[in-house]
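Shown next, in structure tokens, is the structure this report addresses.
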Amino acid sequence: MEKNIKFGQQSTKVKQLSDLIEQDILVGKYRTDTSLPSINALSKTYHVSRDTVFKAFVDLRERKLIDSTPGKGYYVTNRKEKIFLLLDEYSPFKNTLYNSFVKKLSVSYKVDLWFHQYNEHIFNTILCEAIGRYNYYVVMNFDNEKFSPLFDKIPSSRLLLLDFGKFEKGNHSYICQNFDDAFYKALTQLTTRLERYRKIVFQLPQESKHPQTSVQSFETYCEDHHFVSEVVNEEDIQEVEKGVVYIVIRQTDVVNVIKRSRQNGLKCGVDFGLIAYNDTPAYEVIDEGITALSINWEEMGRKAASFILTGESVQEFLPTEVHLRNSV
């Protein structure tokens with residue numbers, strides 16, 4: 001049966017044809033160890049030259065999706081389910097997520113990992129190139145407030161959104177964290193500890209990709225519990241003060257606060273307090289332990305893998321947990 005395929009100008013006919021055949025392989029039209037249609041047949045089907053089909057086969061062979069043997073022609077090789085995993089940026093807790101995700105998947109799944117660094121252009125470029133080439137897509141958005149229109153180009157049963165997600169997500173599956181109410185509730189668990197301090201400082205640099213909506217939750221919490229508070233938008237806290245508890249987002253900020261405190265002869269957990277966001281193994285050993293507010297990144301990885309293994313939709317916000325240590 002001939003197909004009325006219109007080839008665009010965004011890439012060569014060879015690549016577009018190989019992408020079309022790859023998609024047919026991924027959705028099971030051509031199964032493992034079965035022969036592909038002949039070069040002549042595909043040339044007629046797609047209205048392209050035999051040379052274009054031949055070069056597309058070469059491309060697919062380089063992708064290890066097909067092979068050929070004398071007398072058998074071209075056939076689909078033993079293929080793995082291809083998973084597209086797009087995260088925002090590397091960090092120790094994202095590494096925990098990735099390891100948990102891969103560990104739960106069977107060996108029949110191949111995971112391609114990418115990072116977009118919160119850059120919308122990079123995000124769009126990577127995702128556009130990936131659409132149609134994978135069985136499943138697991139994606140951290142580039143922004144907490146914006147729904148990317150590219151998501152609508154992926155079947156909802158094949159797409160899972162992670163981490164960010166205050167925007168309307170419709171029927172899409174998601175496993176996210178809440179940066180507002182959950183932040184407030186986590187601080188509430190620490191109220192008796194926080195009462196030891198004369199002031200709470202929340203450092204959230206203006207350029208930080210952490211949702212700025214957390215500031216409102218922080219200020220509401222402090223007003224409700226009658227705490228003196230301050231929000232610092234600078235990149236670094238220049239001086240650590242006695243009797244103040246600091247809430248910081250980045251691991252580099254934890255290191256900076258500890259270094260500044262030592263310059264003033266102050267001891268963490270005694271002279272001042274420190275709370276970090278997103279737990280890492282390092283927080284268990286820095287000084288005498290750094291208290292952290294965090295979702296369970298290992299659990300997020302397992303749940304993401306379950307979405308792929310079971311095919312069942314999921315819409316869940318993971319709770320923000322308090323890992324209480326000696327820093328407050």
Would one find more than 12 heavy atoms of other residues, nucleotides or ligands at under 6.0 Å from atom [atom1] of [X]?
X	atom1	answer
Q216	CD	no
F151	CZ	yes
E89	CD	yes
N40	CG	yes
E195	CD	yes
K185	NZ	no

Tell me whether [X] contacts the main-chain N or O of [Y] through its side chain, where contact means a donor paired with an acceptor under 3.5 Å.
X	Y	value
S327	T291	yes
E321	N296	no
S43	V48	yes
N144	P211	no
E234	D236	no
S214	F179	yes
N256	I237	yes
S294	D279	yes
T310	S306	yes
E298	F101	no

Would you give the length of the straight line joining atom [atom1] of [X] to atom [atom2] of [Y], rounded to the nearest 0.5 angstrom?
X	Y	atom1	atom2	answer
L159	Y174	CG	OH	13.0 Å
F123	L86	CZ	CG	6.0 Å
C222	E230	SG	CD	11.0 Å
D271	L266	CG	CG	5.0 Å
S261	E241	OG	CD	12.5 Å
N119	N124	CG	CG	9.0 Å

Could you pull out the closest heavy-atom pair between Q189 and T320, with the gap in Å?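 Answer, listing the atom of Q189 first, then T320: NE2-O, 4.5 Å.
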
Looking at side-chain heavy atoms only, is the closest gap between [X] and [Y] below 4.5 Å?
X	Y	value
H210	L204	yes
L85	Y137	no
L36	F57	yes
K153	L150	yes
K55	T52	no
V328	L324	yes
L161	K169	yes
T188	H225	yes

Should S18 and D59 be marked as a side chain to side chain donor-acceptor pair (under 3.5 Å) after you check the CA-CA gap, both sets of side-chain angles, and the distance that decides it? CA-CA 7 Å; S18 58; D59 184 31; 2.7 Å; yes

Quick check, are the ring centers of Y283 and H323 under 6.0 angstrom apart?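 When the ring centroids of Y283 and H323 are compared, they turn out to be at least 6.0 Å apart.
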
Given the rule in the ring-ring contact (aromatic ring centres under 6.0 Å, His included) test, do F227 and Y197 qualify, once you have shown the distances and angles that lead to the verdict? CA-CA 9 Å; F227 285 116; Y197 302 92; 9.4 Å; no

Just checking, is any N or O donor in the side chain of [X] or [Y] under 3.5 Å from an acceptor N or O on the other one?
X	Y	result
Y184	D224	yes
Q177	D163	yes
Y74	D67	no
T213	D180	yes

[X] with [Y], same ILVMFWY side-chain cluster at under 4.5 Å:
X	Y	answer
L87	F93	yes
Y109	M300	yes
F147	I126	yes

Determine, for E129 against K15, whether the closest basic-nitrogen to carboxylate-oxygen distance falls under 4.0 angstrom. yes

Sidechain N-carboxylate O distance under 4.0 Å for E81, K110: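 Judged by the 4.0 Å cut-off on N to carboxylate O distance, E81 and K110 do not form a salt bridge.
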
Would F142 and Y118 satisfy ring-ring contact (aromatic ring centres under 6.0 Å, His included), going step by step from the backbone distance to the final call? CA-CA 5 Å; F142 62 89; Y118 297 106; 9.3 Å; no

Would R158 and Y136 count as a cation-pi pair here, with the cationic atom under 6.0 angstrom from the ring centre and within 45° of the axis?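 Because its charged atom sits under 6.0 Å from the ring centre and within 45° of the axis, R158 does stack over Y136.
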
Ring-plane angle category for F183 and Y277, please: parallel below 30°, perpendicular beyond 60°, tilted otherwise. perpendicular

Under the criterion salt bridge (Lys or Arg N to Asp or Glu O under 4.0 Å), which of K267, R325, R262, K259 is the partner of D287? R262

